[in-house]
Protein chains: 2
Amino acid sequence: MSRISCPVLARRTASAAEAAALVRPGDSVGISGFTGAGFPKAVPVALADRMQAARARGEDFQIGLWSGASTGPAVDGALAGVHGLSKRLPYNSDPDLRRLINAGEVDYVDAHLSHAAQQAWFGFYGDLDVAIIEVAAVLPNGLLVPGTSLGNNKTWLERAHKVVLEVNSWLPRDLEGFHDVYYGAAVPPHRIPIQLTHPMQRIGDPYLRVDPSKVVAVVETHAPDRNSPLDEPDDNSRAMAALLVDFLRHEVAAGRMPPGLLPLQSGVGSTPNAVMEGLLTAEFEGLTSFTEVIQDGLLDLLDAGKLTSVSATSFGLSPAGQQRFLDNVGSYKGRVLLRSQDISNHPELVRRLGVIAINGMIEADIYGNVNSSHVMGSAIMNGVGGSGDFARNAYLNFFVSDSLAKGGAISSIVPMVSHVDHTEHDVHVLITEQGLADLRGLSPTDRADRVIAHCAHPDYRDRLRDYVDRARAARPEARHTPHLLDEALGWHAAYLREGRM
Amino acid sequence: MSRISCPVLARRTASAAEAAALVRPGDSVGISGFTGAGFPKAVPVALADRMQAARARGEDFQIGLWSGASTGPAVDGALAGVHGLSKRLPYNSDPDLRRLINAGEVDYVDAHLSHAAQQAWFGFYGDLDVAIIEVAAVLPNGLLVPGTSLGNNKTWLERAHKVVLEVNSWLPRDLEGFHDVYYGAAVPPHRIPIQLTHPMQRIGDPYLRVDPSKVVAVVETHAPDRNSPLDEPDDNSRAMAALLVDFLRHEVAAGRMPPGLLPLQSGVGSTPNAVMEGLLTAEFEGLTSFTEVIQDGLLDLLDAGKLTSVSATSFGLSPAGQQRFLDNVGSYKGRVLLRSQDISNHPELVRRLGVIAINGMIEADIYGNVNSSHVMGSAIMNGVGGSGDFARNAYLNFFVSDSLAKGGAISSIVPMVSHVDHTEHDVHVLITEQGLADLRGLSPTDRADRVIAHCAHPDYRDRLRDYVDRARAARPEARHTPHLLDEALGWHAAYLREGRM
Ligand SMILES: CC(C)(COP(=O)(O)OP(=O)(O)OC[C@H]1O[C@@H](n2cnc3c(N)ncnc32)[C@H](O)[C@@H]1OP(=O)(O)O)[C@@H](O)C(=O)NCCC(=O)NCCS
Ligand SMILES: CC(C)(COP(=O)(O)OP(=O)(O)OC[C@H]1O[C@@H](n2cnc3c(N)ncnc32)[C@H](O)[C@@H]1OP(=O)(O)O)[C@@H](O)C(=O)NCCC(=O)NCCS
């Protein structure tokens with residue numbers, strides 16, 4: 001049975017190639033998709049074919065691509081493969097596209113994920129020509145049943161001049177009822193409070209709306225989401241999980257947190273996912289989650305009954321995790337709610353709910369600045385994503401990473417980070433497999449003492465200590481945040497030169 | 001006539017020395033005061049005398065001091081003078097205390113001003129032993145008429161074990177009615193939306209409450225606020241003002257802002273103040289303001305009828321501005337509203353209202369990272385203050401500075417800032433007297449082009465251009481944010497060595 005039961009929209013069905021033909025060189029295109037879930041499976045690939053053909057004729061064909069967050073090889077990979085992107089925002093994790101961005105070929109605008117929709121509304125990114133949005137079904141009245149992510153879909157559907165829908169029959173039809181699309185948003189001076197006071201509260205509709213007169217094509221697909229295997233938890237991530245659990249226990253005992261904790265946010269990456277595992281065997285019950293992405297760790301907690309429910313904007317499951325979800329879709333209804341990313345990550349809500357934010361990082365420095373996005377200051381890894389939305393507004397935030405990278409050639413704890421995504425004002429607790437540094441309420445030099453003693457790998461500890469001591473000695477009148485500016489980034493420079501810090 | 005008309009509290013009157021005797025070595029003390037307005041005038045000085053005497057006897061006597069923001073010589077100056085502080089948060093601008101912080105003698109916790117109250121509530125700073133709060137009057141029922149700033153007064157009054165009140169008869173009795181103290185705040189999971197939708201909306205009470213059983217002393221004073229003269233606008237700040245006004249005009253014309261703009265926030269410092277002047281002669285009418293501090297520039301706009309009203313947490317006036325306010329207090333009632341700093345700077349409200357944030361800076365780098373707080377990476381100037389609360393959540397933010405400092409020996413536009421308070425993700429527009437760089441929606445390398453072409457001083461432009469070009473060439477596979485890590489902070493290092501960049 002077709003998933004397109006609206007007679008008006010049913011008349012717009014088209015092939016992927018026909019739909020792709022509606023995109024013009026130079027267009028800005030907004031797509032669905034977030035962490036490999038819910039991206040359009042067919043039209044971008046067809047568009048890449050058109051671009052390829054254009055290139056073969058010696059013509060230029062590039063577009064600007066706006067998404068929720070990362071997509072999959074069928075979008076970023078395919079379009080990068082034909083050099084079809086001139087601009088990309090607000091997040092990417094595709095390795096091929098990453099290479100082009102780092103080659104200086106693609107302009108990448110790496111933005112807080114809660115900011116992208118509003119900045120589009122403000123007009124900061126210019127016009128949106130086309131939206132390509134995957135949905136699970138089109139209802140008789142034209143309302144859309146969203147898929148496995150909401151991301152910026154609402155905004156792209158509203159802002160775009162033309163809309164292409166992909167109706168993917170691979171998506172469980174049972175996804176109906178999993179979404180809460182908030183239609184109360186406005187642009188200043190017309191904004192009102194968002195009346196949400198607990199993570200699972202519904203404040204919107206289960207459906208996306210679209211102006212049928214803008215829909216230029218409806219394409220039927222049957223294709224799975226991209227799902228990347230997550231690294232199995234190793235000794236290091238188990239050690240970090242134990243440290244986190246122990247710390248939370250201590251906070252509860254100190255009366256700084258209720259016994260069921262506060263809503264959890266767990267960031268993308270293998271380490272935050274593994275750290276969630278630690279909660280499986282801990283004593284905390286009745287956990288809640290107000291997060292961006294549902295990775296396997298959260299699903300495990302749900303299945304174990306430790307976590308009552310989770311609010312997010314997308315899934316980021318391994319193939320096994322995805323299968324588990326698909327096999328039991330119905331059982332998750334009412335316990336999993338997907339929201340638009342400007343709501344899932346909203347500073348207003350993150351602060352109000354008092355989220356506990358747990359995110360990965362590339363590196364941290366001794367004073368508590370965190371780099372989430374850049375390798376050796378210049379090359380982008382993924383982007384800041386939602387980490388800043390959560391960390392800045394969290395009740396309590398954690399940044400987690402192995403103390404070493406690249407087999408020990410790199411220390412993740414450095415004198416000065418080579419790029420700052422989260423400033424010293426914004427970082428509460430650092431965790432590596434070596435230990436945990438609670439930085440709350442400390443001055444920079446006290447922070448340095450703790451970070452070096454607790455988080456740095458022993459192989460690098462003495463050199464970090466020596467750095468601080470010499471920096472203090474070098475400028476006795478500048479000891480608030482002692483630095484040796486000739487050396488501060490010297491560890492990174494040495495790595496680039498010699499392959500080790 | 002006494003300002004203390006509550007019979008219960010009237011019985012607690014004491015001398016400043018008697019009140020100061022209630023503070024013990026090692027105490028954490030929370031005081032009123034924000035930008036030199038509303039700090040306690042007598043007890044800290046008396047406390048400094050006690051500390052001095054203790055030192056003379058060879059005893060240690062230091063306290064931790066928590067405030068709203070900066071105070072005056074009678075607090076930070078006096079206590080620094082006797083080495084009476086071990087810890088200070090969340091903001092300071094006193095030059096004597098700054099020297100001690102930079103000497104490594106005082107632990108300074110430089111925090112977002114909207115975070116201080118909640119982190120105290122969360123228990124992140126430990127117990128608060130004593131609060132010393134200046135008020136304008138004590139009403140018969142024990143309610144307190146606040147003074148010229150609200151800052152963290154509500155929180156300190158509630159959290160402290162003991163309370164000392166200073167009732168300052170120098171403050172106009174007419175301040176009654178100028179305040180809106182929000183009593184709906186709670187700690188997660190009990191928080192609710194803050195139901196404020198326009199800058200002047202009242203959501204609280206005109207009075208501060210205090211548990212009379214905690215009040216250990218009530219001290220009568222008659223002493224003025226500290227008010228520092230602001231630099232007269234010079235050609236550079238006039239040029240920046242003209243650029244700002246022109247840009248706002250352009251935004252209105254492009255439909256990205258209503259003709260009466262959106263609520264203005266203007267940061268501390270001479271430059272943001274001067275920039276406000278530019279709005280005096282511009283065509284915009286019916287302006288509003290949702291800000292932290294009322295400097296002279298905002299008062300001028302109010303007096304000129306350009307600005308209908310202003311919501312803030314404090315005054316930061318020059319002596320002349322203060323006199324003007326005092327001479328006409330009554331006329332400002334209903335047009336000036338003071339709030340607690342966790343409300344004046346609240347991310348929820350700043351984002352909802354769509355604030356236009358204009359803040360000073362120490363330096364910016366070519367990629368749009370901004371340093372508001374540190375000189376040459378290590379020495380603190382003031383602190384991040386509220387700049388991050390506003391900039392991160394603003395509809396549109398501006399950072400303003402002369403392109404040169406120290407007579408041209410320093411470029412305020414550098415390859416890499418020596419400290420990051422506002423990341424590249426958070427900065428919209430940079431303005432120097434050279435020009436304006438609109439960074440919205442740009443990739444890092446496009447940002448660099450604009451910042452160098454529009455904001456850098458011509459004396460430094462070629463060297464900045466050369467830096468980017470060589471960085472691009474050096475690592476063709478790392479061109480997202482091209483940097484030369486051996487040189488990135490070299491300009492600062494050269495300044496420290498040779499006195500010029
Ligand atoms: C920072 C981030 C990349 C870490 O991810 P992770 O899976 O936990 O970490 P890994 O240890 O697997 O590291 C990922 C890569 O970074 C590299 N890396 C890690 N630390 C590094 C360091 N200090 N220097 C250089 N490279 C480093 C790893 O070697 C690995 O690279 P490879 O794939 O080439 O081997 C990831 O958390 C991220 O993208 N964060 C930003 C967005 C975000 O936080 N969103 C959360 C809101 S939901
Ligand atoms: C950044 C800040 C200090 C600028 O203040 P300002 O009065 O506009 O700027 P000035 O040009 O007068 O500079 C102040 C001092 O910094 C120095 N300075 C400015 N730029 C500098 C640079 N690039 N390198 C070194 N020193 C610099 C000036 O020389 C001056 O020092 P001096 O007093 O020793 O002469 C001020 O805005 C601030 O403290 N901001 C942080 C808090 C904040 O933004 N709050 C706003 C929320 S309300």
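Everything numeric here is computed off the predicted structure, so don't read it as measured data. Just so we're on the same page: letters track the sequence lines, and every chain starts at 1.
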Atom group of [X] that falls short of 4.5 Å from chain A, counting heavy atoms:
{"X": "B:L496", "answer": "side chain"}
{"X": "B:Q118", "answer": "side chain"}
{"X": "B:Y125", "answer": "side chain"}
{"X": "B:V187", "answer": "side chain"}
{"X": "B:D438", "answer": "neither"}
{"X": "B:H190", "answer": "neither"}
{"X": "B:S114", "answer": "both"}

Notebook entry, point to check: Can you check whether B:H480 and A:H374 have ring centres sitting under 6.0 Å from each other?
Noted result: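 Centroid distance B:H480-A:H374: below 6.0 Å, so yes.
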Looking only at non-hydrogen atoms, find the nearest pair between [X] and [Y] and report the distance.
{"X": "B:R392", "Y": "A:D389", "value": "NH1-N, 4.3 Å"}
{"X": "B:H483", "Y": "A:S378", "value": "N-OG, 3.0 Å"}
{"X": "B:L489", "Y": "A:M416", "value": "CD1-SD, 3.5 Å"}
{"X": "A:P193", "Y": "B:T197", "value": "CD-CG2, 3.6 Å"}
{"X": "A:V109", "Y": "B:L442", "value": "CG2-C, 3.8 Å"}
{"X": "A:L485", "Y": "B:M376", "value": "CD1-O, 3.5 Å"}

task: Quick one: do B:L396 and A:F124 satisfy side chain to side chain contact (heavy atoms under 4.5 Å, CB included)? Show the steps, please.
output: CA-CA 10 Å; B:L396 187 60; A:F124 291 1; 4.0 Å; yes
Please flag which part of [X] lies under 4.5 Å from any non-hydrogen atom of chain B: side chain, backbone, both or neither.
{"X": "A:E487", "value": "neither"}
{"X": "A:E105", "value": "neither"}
{"X": "A:D110", "value": "both"}

Checking B:D421 against A:H425 for the side chain to side chain contact (heavy atoms under 4.5 Å, CB included) test, could you report, in this order, the C-alpha distance in whole Å, the side-chain angles of both residues, the deciding distance, and whether it holds? CA-CA 8 Å; B:D421 292 294; A:H425 315 289; 2.6 Å; yes
- Task: Let me see the working for B:S443 and A:K87 under side chain to side chain contact (heavy atoms under 4.5 Å, CB included), right down to the final yes or no.
- Result: CA-CA 8 Å; B:S443 67; A:K87 187 161 195 150; over 6 Å; no
For A:H198, is the NE2 atom crowded, meaning more than 12 foreign heavy atoms sit under 6.0 Å from it?
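For A:H198, atom NE2 is crowded (more than 12 foreign heavy atoms under 6.0 Å).
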Note to self: One pair to check against side chain to side chain contact (heavy atoms under 4.5 Å, CB included): A:I192 and B:Q195. What are the steps and the verdict?
What the structure shows: CA-CA 8 Å; A:I192 54 171; B:Q195 304 291 354; over 6 Å; no
- Message: Within the 3.5 Å criterion, strictly below it, is a donor on B:H419 or A:N369 matched to an acceptor on the partner's side chain?
- Response: no
Could you go through B:H112 and A:D426, starting from their C-alpha distance and side-chain angles, then the distance that decides it, and tell me whether this counts as side-chain hydrogen bond (donor to acceptor under 3.5 Å, both in side chains)? CA-CA 8 Å; B:H112 298 298; A:D426 294 325; 2.6 Å; yes
- Query: So does B:R351 pair up with A:E348, basic N to acidic O under 4.0 Å?
  - Reply: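 A:E348 and B:R351: not salt-bridged.
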